[in-house]
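Worksheet: the structure to be examined is printed underneath.
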Amino acid sequence: MLSDLNPPQREAVKYLDGPLLVLAGAGSGKTRVITRKIAYLVKECGFNPRHIAAITFTNKAAREMRERVGELLDGGQAKGMTISTFHSLGLSILRQEARHLGYKPRFSVLDAADAQAILSDIVKSPDKSSLRRAAAVISNWKNALLDPEAAMQQAGDEVEVQLARAYLSYQTTLKAYQAMDFDDLIRLPLALFQTEAEVLGRWQGRLRYLLVDEYQDTNGAQYALMKLLAGPVGRFTAVGDDDQAIYGWRGADVENLRRLSEDYRRLKLIPLTQNYRSSQRILEAANRVIRHNSRLSDKNLWSELGIGEPIQIVECKDDRHEAETVATRIDGHRFQTRNRFSDYAVLYRGNHQARVLEEAFRSARIPYVLSGGQSFFDRAEIKDITAYLRLIANPDDDPAFIRAVTTPRRGIGPASLERLGHYSADRHVSLFAALFEAGVQATLPAKQLQPLLEFGEFINRLALRAEREPAGTLLQDLLAATRYETWLYDVEDDRVARTRWENVGEFVDWLTKKGADEGKTLIELSQTVALMNLLEGREDAEVNAVRLSTLHAAKGLEFPHVFLVGVEEETLPHRECLDGDRLEEERRLMYVGITRARRGLTLTWCKRRKRGQDWLPCEPSRFLAEMDAGEVSRSGQPADPEAARAAGKQRLADLKAMLGG
DNA sequence: TATGTCCTTTTTTTT
DNA sequence: AAAGGACATA
């Protein structure tokens with residue numbers, strides 16, 4: 001079973017004498033190590049799959065890991081295993097233990113947008129960026145396990161005192177709504193384990209061996225949670241790479257790697273430096289760039305895959321030209337090599353950069369898929385439907401009530417909601433509960449009261465049915481009764497309405513299928529929706545298309561040919577991150593981008609870039625200079641950009657003709 | 001009082 | 001593109 005692993009990989013799989021940290025460089029087969037180790041624990045060591053927990057960074061990674069483990073084990077054994085993200089694990093702990101924390105088991109989970117909307121009601125006169133800063137500060141407090149009182153005590157200046165007040169008010173509001181944000185999904189299980197030894201003991205008994213992937217991207221709270229679950233002896237394998245830590249802005253702390261060896265004196269360290277993905281030239285480029293960071297160790301990646309093709313650096317006139325260049329090169333290269341579109345990826349720093357690329361790919365008729373960016377579940381029409389689901393499961397969820405009661409329009413507007421809000425605040429009940437109190441009738445004129453009451457009855461009927469009936473019919477009834485489709489076409493252009501309605505259909509189908517497959521009611525389904533995204537439910541069905549992705553979303557993936565675009569100062573590194581730790585994180589981002597490539601790597605940069613109305617002049621990224629040791633092939637553009645564009649188009653047309661004929 | 005329309009501005013990365 | 005704000009209209 002372990003014969004196709006290299007010696008350090010094999011050692012990592014077999015080591016069970018204590019806590020283990022595998023320092024796994026990019027492409028060194030870490031997923032392989034984790035999945036094999038799980039299989040090894042079950043098949044060779046007699047572990048019950050129920051007692052193993054593997055923690056991944058995304059739901060998608062969790063799904064893939066479950067699949068791979070399933071292939072290694074006998075039928076169905078992977079089913080009982082806990083393979084999930086920290087957040088999903090926290091969520092399932094909380095669903096079971098909610099009562100210990102004064103929450104109902106059907107609490108709502110808010111995404112970042114919902115949470116920020118609540119915060120913006122609390123913070124008084126916020127411009128957008130100060131709101132974001134406030135959200136970040138509060139999130140950092142939460143991840144550092146400070147409650148509002150503690151935050152208040154350590155507040156240094158007036159601004160921090162204000163923020164600590166906002167934090168307190170924010171938490172109180174969440175509790176009133178029976179809602180949690182993402183940070184709570186980690187923080188609250190941890191708080192629970194710290195105070196209730198019995199509960200902790202129960203979960204320690206349930207999860208007896210932990211495997212944590214992408215360990216370098218854990219935050220303080222996640223690490224603390226992991227330590228508690230793994231117990232004092234440290235029954236865990238953590239796998240990580242300090243050079244790929246790219247989530248510092250989200251509270252992740254690379255220091256957790258160092259802390260691990262301080263907290264566990266017996267910690268065993270196994271480095272994996274043989275790379276099975278990329279040519280030597282690509283690895284050398286990556287090594288040269290990352291050398292400029294201060295690092296835990298000077299590990300150098302190496303491979304036996306040959307020197308490989310030269311890395312290309314292409315200078316472009318502007319971002320549109322860059323996009324067209326990439327499209328043209330991909331099309332040409334694919335034609336010459338008979339590759340598939342899915343052998344190529346275009347990676348960039350920020351989502352907005354995808355826009356020009358999409359245009360270029362559309363006009364060149366190159367199929368593409370976007371990853372990263374707006375999740376399926378962030379779309380307005382999906383949030384509309386989930387607002388209904390949230391409200392059905394949790395009548396205390398005021399934000400869900402507001403969204404559902406006003407979508408589609410039913411004659412209830414801001415004035416009515418404000419009156420209802422005052423009434424409910426006075427009586428300390430939720431908006432939904434307030435509807436059914438006799439007193440509201442005095443507050444509201446009949447014209448507004450009637451649709452409100454009808455809405456209340458409607459939700460009540462659905463909630464009653466939701467306990468038993470299959471999700472499918474209920475959802476159909478919900479859509480029919482609200483006449484959601486009609487409203488969409490009323491409010492939007494036909495084209496837009498059509499795609500939105502298709503999205504709704506897809507979501508409903510997905511829920512219906514999931515409900516039928518897993519025997520879950522709509523209520524149960526609604527409890528997990530908050531943490532999902534597009535990539536989980538479907539897709540990935542081997543589409544032959546070029547991948548457009550942010551660097552962050554590309555972590556863990558690999559492609560035969562990678563185009564890294566916008567390699568400019570102020571873009572990569574991003575202009576908000578030009579010094580200190582943040583610059584190092586940008587460099588790691590560059591490193592992650594480079595190491596996605598197996599054989600071909602092309603980096604492009606623009607002399608100018610459109611930003612809003614006007615043009616910004618750009619300079620090549622410092623990372624290009626850091627990477628360059630003369631082994632790259634550089635090309636600029638012909639003097640006349642219009643001629644170049646025409647030539648490109650012509651070339652494209654020629655290729656099309658050859659392909660077609 | 002509710003709602004739709006026509007402006008504006010915006011862009012770091014995401015569980 | 002899309003979200004938020006000011007204004008007009010029913």
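A, B, ... follow the sequence lines: proteins, then strands. Residue 1 opens every chain.
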Provide, to the nearest angstrom, the distance between the CG atom belonging to A:Leu131 and the P atom belonging to C:dA3. 16 Å
Whole angstrom is fine here: how far is it from CD in A:Glu381 over to C1' in C:dA2? 12 Å
Salt-bridge test for A:Arg409 and A:Asp490: reply yes if a basic N is under 4.0 Å from a carboxylate O, no otherwise. no
Sugar-phosphate, base or nothing in reach of A:Arg410, heavy atoms under 4.0 Å: sugar-phosphate
Below 4.0 Å: OP1/OP2 of B:dT12 and any side-chain N or O of A:Asn351: no
Considering only side-chain heavy atoms of A:Gln448, which listed nucleotide, B:dA2, B:dT14, B:dT15, is closest? B:dA2
Value in whole Å for how far the P atom of B:dT13 lies from CZ of A:Phe57: 14 Å
Taking the minimum atom-to-atom distance to the side chain of A:Cys577, which one of B:dA2, B:dT12, B:dT15 wins? B:dT12
Would A:His574 count as stacked on B:dT12 if the rule is ring centres under 5.5 Å and plane angle under 30°? yes
Look at A:Thr550 and B:dT14 and indicate whether a side-chain polar atom (N or O) is within less than 4.0 Å of OP1 or OP2. yes
Any A:Arg582 side-chain nitrogen or oxygen under 4.0 Å from OP1 or OP2 of B:dT12: no
Testing B:dT13, B:dT11, B:dT1 for proximity to the side chain of A:His552, the answer is B:dT13
Compute the centroid of each ring, for A:Tyr247 and then for A:Trp249, and state whether the two points are separated by less than 6.0 Å. yes
5'-most contact on DNA chain B: A:Asp490 or A:Leu589, nearest heavy atom basis? A:Asp490
Determine the interplanar angle of the A:Phe361 and A:Tyr368 rings, folded into 0 to 90°, and report it as parallel if under 30°, tilted if 30 to 60°, perpendicular if over 60°. perpendicular
What is the distance, rounded to the nearest whole Å, between atom NZ of A:Lys60 and atom C1' of B:dT15? 15 Å
Nearest whole angstrom, please: distance from the C1' of B:dT15 to the CG of A:Asp253. 17 Å
Which nucleotide sits closest to the side chain of A:Ser416: B:dT3, B:dT15, B:dT1? B:dT1
Position toward the 5' end of DNA chain B (nearest nucleotide), A:Ala415 or A:Glu585: A:Ala415
Rounded to whole Å, the CG-P distance (A:Asn59 to B:dT15) equals 8 Å
Does C:dA1 have OP1 or OP2 under 4.0 Å away from a side-chain N or O of A:Arg355? yes
Length of the line joining A:Gln353:CD and C:dA1:P, which is rounded to integer Å: 16 Å
Can you check whether any acceptor in the base of B:dT13 is under 3.5 Å from a donor in the side chain of A:Arg349, or vice versa? yes
Measure from the side chain of A:Arg409, starting at C-beta and using heavy atoms only, and say which of B:dT1, C:dA1, B:dG4 lies closest. B:dG4
Which part of the nucleic acid, if any, lies within contact of A:Leu185, taking any heavy atom under 4.0 Å across all strands shown: a base, the sugar-phosphate backbone alone, or nothing? nothing
Presence of salt bridge, A:Arg609 and A:Glu322, under 4.0 angstrom: yes
Please determine whether a side-chain nitrogen of the Lys or Arg among A:Arg390 and A:Asp114 lies less than 4.0 Å from a carboxylate oxygen of the Asp or Glu. yes
Could you work out which one of B:dT1, B:dT11, B:dT15 sits closest to the side chain of A:Arg132? B:dT11
Under 3.5 Å donor-acceptor pair, A:Trp249 side-chain atoms to B:dT12 base atoms: no
Lys NZ or Arg CZ of A:Arg588 over A:Tyr591 ring: under 6.0 Å, within 45°: no
Does a side-chain N or O from A:Asn219 land closer than 4.0 Å to OP1 or OP2 of B:dT15, or not? no
Once you round it to whole Å, what is the distance between P of B:dT11 and CH2 of A:Trp615? 20 Å
NA contact type, A:Arg609, heavy-atom cut-off 4.0 Å: base, sugar-phosphate, or nothing? nothing
Between A:Arg320 and A:Glu324, is the closest basic N to carboxylate O distance under 4.0 Å? yes
With the side chain of A:Glu576 defined as its heavy atoms from C-beta on, choose the nearest nucleotide among B:dT12, B:dT15, B:dG4. B:dT12
Whether A:Arg575 contacts B:dT11 is assessed here as follows: a side-chain N or O lying under 4.0 Å from the phosphate OP1 or OP2. Is that the case? no
